[in-house]
Enquirer: 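Encoded as structure tokens, here's the structure I'll be asking about.
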Number of protein chains: 2
Amino acid sequence: MEGNVSNIKELAGRLGLSVTTVSRVLNGKAAAHRISEATSRRVVSAAAEFGYSVNRIARGLKLERTETIGLIVPDISNPFFASVAKTIEMELRKQGYSLILCDSQDDPGSEKELLELLAGRKVDGIILAPVGLSCDHVCHFRNRKIPVVAIDRYFPGSPVPYITCDNYLGAYMATEHLIKSGHRRIACIHGPEGVSSSQDRIAGYMAALRKFRIRIRHQLVGGHDFGEENGYLETLRLLKLKKRPTAIFALGNLISLGVLRALQDSGLSIPKDISLVTFDEQPYSAYLRSPMTTIEQPREEIARKAVSILLEAVTAGDIIDSTIGIQLSPRLIVRDSVRNIKPVKS
Amino acid sequence: MEGNVSNIKELAGRLGLSVTTVSRVLNGKAAAHRISEATSRRVVSAAAEFGYSVNRIARGLKLERTETIGLIVPDISNPFFASVAKTIEMELRKQGYSLILCDSQDDPGSEKELLELLAGRKVDGIILAPVGLSCDHVCHFRNRKIPVVAIDRYFPGSPVPYITCDNYLGAYMATEHLIKSGHRRIACIHGPEGVSSSQDRIAGYMAALRKFRIRIRHQLVGGHDFGEENGYLETLRLLKLKKRPTAIFALGNLISLGVLRALQDSGLSIPKDISLVTFDEQPYSAYLRSPMTTIEQPREEIARKAVSILLEAVTAGDIIDSTIGIQLSPRLIVRDSVRNIKPVKS
DNA sequence: CTGTTAGCGCATTCAG
DNA sequence: CTGAATGCGCTAACAG
């Protein structure tokens with residue numbers, strides 16, 4: 001068990017065999033080359049005994065395939081991305097791949113650099129939750145034959161495959177729920193403008209308002225990122241309006257935390273003074289002062305699908321353009337953060 | 001900007017230069033070899049123009065240094081580890097390193113496999129939140145000259161350096177707070193037995209009880225892992241006791257979520273019916289039905305220190321044994337989840 | 001059934 | 001100031 005044999009040549013030497021034979025056995029190609037059962041066993045046990053494990057760097061260089069996938073997320077400390085990352089890592093490992101994790105901090109510049117970095121590291125594919133709406137830098141990659149699949153967000157009108165939640169539908173459902181509870185002055189606190197998930201949710205929100213013939217008031221819509229501070233600041237702004245909204249729709253889990261803080265600071269309570277619905281069900285959603293009504297995204301499914309589509313592209317040696325976009329259905333979880341201010345019979 | 005030059009030879013060819021020169025320029029060694037300013041510029045601009053980026057796999061093979069660090073955590077979807085991972089990734093990237101993320105799922109077997117995997121991938125170092133208490137598999141690594149630093153948990157009596165929160169102290173503080181609020185029947189729901197953070201917290205809890213001459217009742221102490229379900233089940237068990245505890249000390253953020261669920265299911269409320277203190281401050285802690293009193297760990301500092309110690313070991317080519325263990329101070333954040341049932345003048 | 005050897009892309013020693 | 005040649009550890013084509 002002493003790890004003193006560090007390359008295949010040395011191991012072969014000790015066994016009095018050629019590197020080829022050792023390599024074949026270790027790569028499960030013994031049968032294909034009709035290597036004797038005895039030799040095989042000898043090799044395997046010697047490898048174990050001497051603590052030899054193949055140098056995947058050398059292997060990657062030779063094979064032009066590293067069995068490594070890059071993942072770029074805007075914020076790994078956001079529980080949504082942390083969960084997704086977990087499933088991605090587990091699925092990839094099952095297939096023998098490892099994951100290089102990168103955090104773009106929601107910065108398009110970093111995202112671009114990270115993409116370059118991963119290309120230099122010769123990853124076999126990339127899973128990306130992109131920041132901007134332009135796919136130039138990504139499409140550039142596809143020319144270099146590195147498959148990319150987008151998650152959570154996508155590039156409108158681009159050939160980059162993506163898996164997201166149906167954000168439009170989720171936002172529609174949330175807004176409709178608010179409307180059916182009698183709300184008409186519904187605010188919306190969103191993330192970065194240049195992110196499809198933000199845009200689609202805003203679109204769903206507006207569609208619901210329109211559907212019920214409620215005027216869209218632009219002062220009720222705002223936000224710059226998915227962070228807690230943004231939720232806080234936007235809420236304070238909303239509360240200063242002459243005519244306050246009766247409900248807030250937060251487009252992300254961190255945003256809603258900011259809303260809670262602002263309301264608490266202002267001595268307002270949910271749902272008595274104001275109602276709230278948010279995107280991203282969380283483990284704690286049910287235990288908040290006012291159990292929160294949320295939109296749940298199928299995180300595991302997004303992750304699993306992304307991995308399977310990417311790996312398919314990787315092994316096929318090219319991107320399967322047929323699977324351009326998949327939008328998975330969200331789920332509305334009704335709790336007690338919305339006050340029914342005007343009962344409506346369904 | 002067409003990425004059609006994929007290796008240094010090709011680039012050198014187009015420039016009418018040798019690969020040596022190109023390599024030198026690209027590695028910032030132009031000056032050392034007194035390569036002309038003109039040549040340098042030509043190389044750099046051509047590299048940019050043709051979208052050439054060095055193949056870090058080949059480079060790694062040659063240099064026996066991949067500028068890659070492995071991180072093994074028991075659960076990346078646990079917000080504690082997600083935050084730590086974020087800081088680690090950011091710090092590493094600043095120094096030119098990338099991160100391979102692995103989730104051991106709190107399974108010692110997986111942890112061992114993962115360690116092997118990372119060795120095969122020739123990472124320059126490993127940051128590990130270990131599951132077991134035995135360091136055999138890790139020490140094995142140090143023989144192979146791959147530096148390892150432990151975070152959050154450590155191996156008692158081993159030479160593996162570690163950075164953790166002072167778990168003993170944190171638990172002591174939490175328990176003391178409960179005792180000073182008049183509690184005597186204090187339950188403790190912990191994580192896996194074979195994890196130092198769990199053990200140290202239990203030890204701190206018991207030390208506080210002892211200090212105040214309160215008998216330790218073993219039926220009040222239990223748990224198997226840091227998950228939500230464990231917190232749920234243990235709480236239900238505690239509630240069935242003839243003499244219920246008046247307070248619960250949860251040793252992790254997910255555990256306390258399980259406690260909340262069990263209490264809710266049982267129609268009990270905090271702090272009226274039972275008090276609660278938990279390890280791991282979270283962004284939502286203040287907004288729970290009953291704002292939660294918590295122990296906050298210095299997550300960023302743990303991450304930053306781990307990176308700096310590891311990188312020091314990496315560049316020194318060996319582990320600096322002088323820095324064996326660092327325990328950073330936790331902080332008690334008092335909110336409203338503890339009922340004062342017997343005022344005590346301090 | 002097993003072995004010899006070329007070459008993956010790079011940094012570097014030695015030689016100008 | 002620049003270049004030719006070597007070898008990092010591995011796999012696979014080719015050769016028995």
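Every chain is numbered from 1, with letters handed out A, B, ... down the list of sequences.
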Enquirer: To the side chain of B/Asn55, which of C/dG9, D/dC8, C/dG3 is closest?
Expert: C/dG9

Enquirer: May I ask you to say what A/Leu17 touches in the nucleic acid, namely base, sugar-phosphate or nothing, with a heavy-atom cut-off under 4.0 Å?
Expert: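 Answer is sugar-phosphate: A/Leu17 comes under 4.0 Å of backbone atoms only.
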
Enquirer: Both B/Ser36 and B/Leu63 contact DNA chain D. Taking the nearest nucleotide for each, which residue is further toward the 5' end?
Expert: B/Ser36

Enquirer: Whole Å only: how far is the CD1 atom of A/Ile8 from the C1' atom of C/dT4?
Expert: 14 Å

Enquirer: Whole angstroms only, please: what is the CD-P distance between B/Glu10 and C/dC10?
Expert: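 For the pair B/Glu10 CD and C/dC10 P, the rounded distance is 10 Å.
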
Enquirer: May I ask you to decide whether B/Lys305 forms a salt bridge with B/Asp152, counting only side-chain N to carboxylate O separations under 4.0 Å?
Expert: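 Here B/Lys305 does not pair with B/Asp152 in a salt bridge, since their nearest N and O are not under 4.0 Å apart.
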
Enquirer: Could you state the atom-to-atom distance from CG of A/Asn27 to C1' of D/dA13 in whole Å?
Expert: 15 Å

Enquirer: Could you state the atom-to-atom distance from CD of B/Glu64 to P of C/dT12 in whole Å?
Expert: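 Computing the B/Glu64:CD to C/dT12:P distance gives 12 Å.
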
Enquirer: Quick check: on DNA chain D, is the nucleotide nearest B/Thr21 upstream (toward 5') of the one nearest A/Leu61, or the reverse? Name the residue that is more 5'.
Expert: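 Mapping each residue to its closest nucleotide by heavy atoms, the 5'-most match is B/Thr21.
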
Enquirer: Taking only N and O in the side chain of A/Lys29, is any of them less than 4.0 Å away from OP1 or OP2 of D/dA12?
Expert: yes

Enquirer: Donor-acceptor pair under 3.5 Å: do we get one between A/Thr39's side chain and the base of C/dT2?
Expert: no

Enquirer: Between B/Asn7 and C/dC8, is there a contact of a side-chain N or O with OP1 or OP2 at under 4.0 Å?
Expert: no

Enquirer: With a 4.5 Å cut-off on side-chain heavy atoms, are B/Val307 and B/Ile127 touching?
Expert: yes

Enquirer: Output yes when B/Lys86 and A/Asp103 qualify as a salt bridge under the 4.0 Å nitrogen-oxygen rule, no when they do not.
Expert: yes

Enquirer: Looking only at side-chain N and O atoms, does A/Tyr52 come under 4.0 Å of OP1 or OP2 in D/dG9?
Expert: no

Enquirer: Checking contacts here: which listed nucleotide (C/dC10, D/dA4, D/dT11) is nearest the side-chain heavy atoms of A/Ser23?
Expert: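 So the side chain of A/Ser23 is nearest to D/dT11.
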
Enquirer: Bend angle of the helix from C/dC1-D/dG16 to C/dG16-D/dC1 from five-pair axes at both ends, rounded to 10°?
Expert: 40°

Enquirer: Just how far, in rounded Å, is C1' of D/dG9 from CZ of B/Arg121?
Expert: 16 Å

Enquirer: Could you tell me if A/Ser98 and B/Arg121 have a donor-acceptor pair between their side chains, going purely by distance under 3.5 Å?
Expert: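 Short answer, yes.
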
Enquirer: Output, in order, the C-alpha distance, side-chain angles, deciding distance and verdict of side chain to side chain contact (heavy atoms under 4.5 Å, CB included) for A/Val84 and A/Ile151.
Expert: CA-CA 9 Å; A/Val84 169; A/Ile151 54 169; 3.8 Å; yes

Enquirer: Does the side chain of B/Leu11 reach to within under 4.5 Å of the side chain of B/Leu15, using non-hydrogen atoms?
Expert: yes

Enquirer: Among C/dA11, D/dC10, C/dT13, which nucleotide sits nearest the side chain of B/Arg24?
Expert: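 Output: C/dT13.
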
Enquirer: Specify the separation, in whole Å, of atom CG of A/Leu15 and atom C1' of C/dG3.
Expert: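 Rounded to whole Å, this separation is 15 Å.
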
Enquirer: Would you say A/Ser6 and A/Glu10 make side-chain contact, with heavy atoms under 4.5 Å?
Expert: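 Side chain of A/Ser6 against side chain of A/Glu10, heavy atoms only: contact under 4.5 Å found.
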
Enquirer: Salt bridge or not between A/Glu300 and A/Arg304? Use side-chain N to carboxylate O under 4.0 Å.
Expert: yes

Enquirer: Could you check whether B/Gly120 gets within reach of a base, just the sugar-phosphate, or nothing at all, counting any heavy atom under 4.0 Å?
Expert: nothing

Enquirer: Report which part of the nucleic acid A/Arg56 touches: base, sugar-phosphate, or nothing (heavy-atom distance under 4.0 Å, all strands).
Expert: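 If one applies the 4.0 Å heavy-atom cut-off, A/Arg56 turns out to touch nothing in the nucleic acid.
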
Enquirer: Out of C/dT5, D/dC10, D/dA4, which has the shortest distance to the side chain of B/Thr20?
Expert: D/dA4

Enquirer: Whole angstrom is fine here: how far is it from NZ in A/Lys122 over to C1' in C/dC10?
Expert: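 Rounded to whole Å, this separation is 12 Å.
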
